[in-house]
Amino acid sequence: MRFSILFAPTLKESPAEAEIISHKLLLRAGMIRKVAAGIYSFLPLGYRTLKKIENIIREEMDRIGAQEMLMPALQPADPWKKSGRWDQYGLEMMRLKDRNGREFALGPTHEELITDLAMKEVRSYRQLPLTLYQIQVKFRDEIRPRFGLMRAREFIMKDAYSFNANMGDLTASYNDMYMAYNRIFSRCGLEFRAVEAASGLIGGKVSQEFMVLAEAGEDTILYCGTCDYAASQDVATSRMEEPSTEEIKKVKVVDTPRQKSVDEVSAFLGVPADKIIKTLIYKYDNQLIAVIMRGDRDVNEEKLATVLGTTNFHLLTGAEWQDYPGLVQGYVGPVGLDGIRLIADNEVSLIRNFVVGANLEDAHMINVNVGEDFQVEEWADLKMVRSGDACPRCQGTLISAKGIEVGHIFQLGTKYSEVMGATFIDEDGLPKPYIMGCYGIGVSRLVAAAIEQNYDEGGIIWPVSIAPYEVEVVVLNYDRDEQREIADRVYTELGKMGIEAVLDDRIESAGKKFADADLIGIPVQVVIGTRTLKSGNIEVKIRSSNERKEFPLDRAVDMIVELVKRMRADVGVGGNSVEQAG
RNA sequence: CGGGGUGUGGCUCAGCUUGGUUAGAGCACCGGUUUUGGGAACCGGGGGUCGGAGGUUCAAAUCCUCUCACCCCGACCA
């Protein structure tokens, strides 16, 4: 491709709408343009990267025996009503009607359609296991689209679904996917971690997320510095500390005028925050629940949702306190808090002689103990685990990191097949629901994630496996015969050798060409200009390391080809890895 | 949806508080001359319903009302 005709409108300045680095650089490098909030067009360079990622995914899906297919983006309401998600999904599902008033949705995901298809076509255990996948546009009318491709409303997703006859086969399909995902993200040149995850609206019990580690990530993960434990903060647990061995003292009410928050009480009484127990009042289904937790901890509402069996709850708001005159805001405590369901975080059981609110204005209780001063019926792990907590699996310590969720795999079990009545005839002649798994990758999000991990002041630094082109030939004076002839020859020969090259043949200043080359981030820059040509050399710059070498003209093409091949091999793009797995 | 903010040429922004020439700058774009290894210099040029609608006024980018779009902070997720 010649730069002079390439549609890559680069920008010197970042559009004001872009906040994070990947969004800015995608816009500046002329790879995407916005059409509406959370909706983007991929320009030629961006589309090339997208297709590269798609192809890596295809190779690895095909390798584990998954079969590619394509389902429509526009889906009838019917299967969604069958699964019950037509009502559950809420406003995030973009709904519309056709001219006859029939209901449709732009698919936010495809479990319903695929299950419907399997139900109609797969009748016998002999046809299982079966794994199907597609790379399709998804539409989710996000509450708040943001950060460019990171959280778009329309986005490209690879979604795969496995149908199995039993749990053992599901585990096998799931493990194949797990391995394939590891290969995919490695081949994309990314630093990532697989973590235990919550399964949310999709459902199922076992699930793992693949997180690309990056500061701009919207998720927090915790991983052990010693063993391989890693979990999303939503579900992370930690090993409990040793219980206190203090003598139990006698409870006592003390004055704490105007001291409401944990910090205030801690300072006022001279008691560390981890010896204060806070009592949080939540409202759900028109009733109240009190959660008690160590004062220096936050409640993990994801965990609370699991315990309550609903996501429909919230901390009592300022106005709502008026409805419950028995509750003294800022001074609520578990002692004598009758008629309200009480749940205690497990950690509370470790502490003795702690401080709680006295349920009286301007007063707290000290030397309070579970069992002595109040009873706890319900215990649960409700705390938000944080960096520095003890690993639940070993003696190590947990570390927190920000991540971008680029993949999520689920063992669904029979969640969809059961409600939709999707069964096969098993060996014993009886109909049984399929045991299913589903496996997603945010393909367009991956484009952004790759940039979040690979950039510098100058622009993007593409891993060679997903770069729009592998080599950019920068000719400083294309209007001079010598340079033009050399550049054309190098460019053409690289193409013949199977190298994807772009030739910057524009009549522009050297500075602009260098700046654009760095911005767009092609891994290898070949610079042709008078300075090195004098000594019969051309210059090669490695974008990632900024390393510069001079190659003699007569051997330059071979040396560039060698260089690119080495770079490909470094991210596992050897091309010799396509043998079929069983 | 709640809270905060922004809409002025392709991009970044000034002007708005306190209404008053023909609405400005830098970058980008077009023509020319000179340049030519890190976003070149000079000369000339084109491009604006000031997001939209309504209102106040002798007069509105500027004040008021409504509306639309976009961005940021919270609840969702690949």
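The figures that follow rest on heavy atoms only: side chains count, while hydrogens, waters and symmetry mates do not. Chain letters run A, B, ... following the sequence lines, proteins first, then strands; residues in each count from 1.
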Using atom [atom1] of each nucleotide, how far apart are [N] and [M] to the nearest Å?
N: U65(B); M: G5(B); atom1: P; value: 15 Å
N: U49(B); M: A60(B); atom1: C1'; value: 14 Å
N: U8(B); M: A14(B); atom1: C1'; value: 10 Å
N: C29(B); M: G39(B); atom1: C1'; value: 16 Å
N: G44(B); M: U62(B); atom1: P; value: 34 Å
N: A23(B); M: G48(B); atom1: C1'; value: 9 Å
N: G9(B); M: G32(B); atom1: C1'; value: 24 Å
N: C11(B); M: C76(B); atom1: P; value: 35 Å

Legend entry - Steps toward side-chain contact (heavy atoms from CB on, under 4.5 Å) verdict (F410(A), K415(A)): CA-CA 11 Å; F410(A) 301 81; K415(A) 169 168 170 156; over 6 Å; no
Whole Å only: how far is the [atom1] atom of [X] from the [atom2] atom of [N]?
X: E54(A); N: A78(B); atom1: CD; atom2: C1'; value: 14 Å
X: M94(A); N: C76(B); atom1: CE; atom2: C1'; value: 17 Å
X: E302(A); N: A75(B); atom1: CD; atom2: P; value: 11 Å
X: D234(A); N: A75(B); atom1: CG; atom2: C1'; value: 13 Å
X: R151(A); N: C77(B); atom1: CZ; atom2: P; value: 9 Å
X: R85(A); N: C76(B); atom1: CZ; atom2: C1'; value: 14 Å
X: L91(A); N: C77(B); atom1: CG; atom2: C1'; value: 15 Å
X: M177(A); N: A78(B); atom1: CE; atom2: P; value: 15 Å

Legend entry - Residue D219(A), side-chain heavy atoms: nucleotide from A78(B), A75(B), C77(B) that is nearest: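 Within the option list, the nearest is C77(B).
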Inset, instruction - Show the numbers, then the answer: is there a salt bridge (Lys or Arg N to Asp or Glu O under 4.0 Å) between D296(A) and R386(A)? - result: CA-CA 11 Å; D296(A) 61 326; R386(A) 63 193 174 202; 2.8 Å; yes
Inset, instruction - Using the six-membered ring of Y469(A), assess whether NZ or CZ of R48(A) lies under 6.0 Å from its centre and within 45 degrees of the ring axis. - result: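 Yes - R48(A) lies over the ring of Y469(A), closer than 6.0 Å to its centre and within 45° of its axis.
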Inset, instruction - Report yes if some heavy atom in the side chain of R548(A) is under 4.5 Å from a heavy atom in the side chain of V527(A); otherwise report no. - result: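 The answer is no; the side chains never approach within 4.5 Å.
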Inset, instruction - Taking the side chain as every heavy atom from C-beta outward, state whether D518(A) and Q525(A) have any pair of such atoms under 4.5 Å apart. - result: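 Contact flag for D518(A)/Q525(A) side chains = yes.
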Checking base pairs now: Watson-Crick or wobble, both atom distances under 3.5 Å. What partners [N]?
N: G7(B); answer: C68(B)
N: G44(B); answer: C30(B)
N: G2(B); answer: C73(B)

Legend entry - 5' precedence on RNA chain B between S14(A) and E209(A) (nearest-nucleotide basis):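 Whichever sits nearer the 5' end wins; that is S14(A).
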Inset, instruction - Assess the side chains of S83(A) and E112(A): does a donor N or O sit below 3.5 Å from an acceptor N or O? - result: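 Present: a donor and an acceptor within the cut-off.
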Inset, instruction - Verify salt bridge (Lys or Arg N to Asp or Glu O under 4.0 Å) between E539(A) and K541(A), making sure each step is shown before the conclusion. - result: CA-CA 7 Å; E539(A) 182 178 317; K541(A) 177 178 133 178; over 6 Å; no
Legend entry - Residue list, ring pair (Phe, Tyr, Trp, His ring centres under 6.0 Å) with Y40(A), at least two apart or on another chain: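 Counting only residues at least two positions away or on another chain, Y40(A) forms a ring pair (Phe, Tyr, Trp, His ring centres under 6.0 Å) with H23(A).
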Review item, nucleotides 67-71 of chain B N/O atoms under 3.5 Å of protein N/O:
unit_1	atom_1	unit_2	atom_2	d
C70(B)	OP1	A37(A)	N	2.9
C70(B)	O3'	K34(A)	NZ	2.9

Legend entry - Identified side-chain contact (heavy atoms from CB on, under 4.5 Å) counterpart of V473(A) within the set I538(A), D504(A), I528(A):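 Among the candidates, only I528(A) passes.
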Inset, instruction - Apply salt bridge (Lys or Arg N to Asp or Glu O under 4.0 Å) to R146(A) and E19(A), showing your working. - result: CA-CA 9 Å; R146(A) 58 181 144 175; E19(A) 185 82 358; over 6 Å; no
Inset, instruction - Carefully, step by step, assess R543(A) and D456(A) under the rule salt bridge (Lys or Arg N to Asp or Glu O under 4.0 Å). - result: CA-CA 10 Å; R543(A) 177 69 180 89; D456(A) 64 12; 2.8 Å; yes
Inset, instruction - Give one of base, sugar-phosphate or nothing for A517(A), where a contact means two heavy atoms less than 4.0 Å apart. - result: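 Nothing, no heavy atom under 4.0 Å.
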Inset, instruction - Could you tell me whether E92(A) contacts a base, only the sugar-phosphate backbone, or nothing, with contacts defined as non-hydrogen atoms closer than 4.0 Å? - result: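 Sugar-phosphate contact only - E92(A) comes under 4.0 Å of backbone atoms but never of a base.
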Legend entry - Protein-to-nucleotide contact annotation, 5' to 3' order, nucleotides 36-41 of chain B [B base; S sugar-phosphate only; - none; under 4.0 Å, heavy atom]: BBBBS-
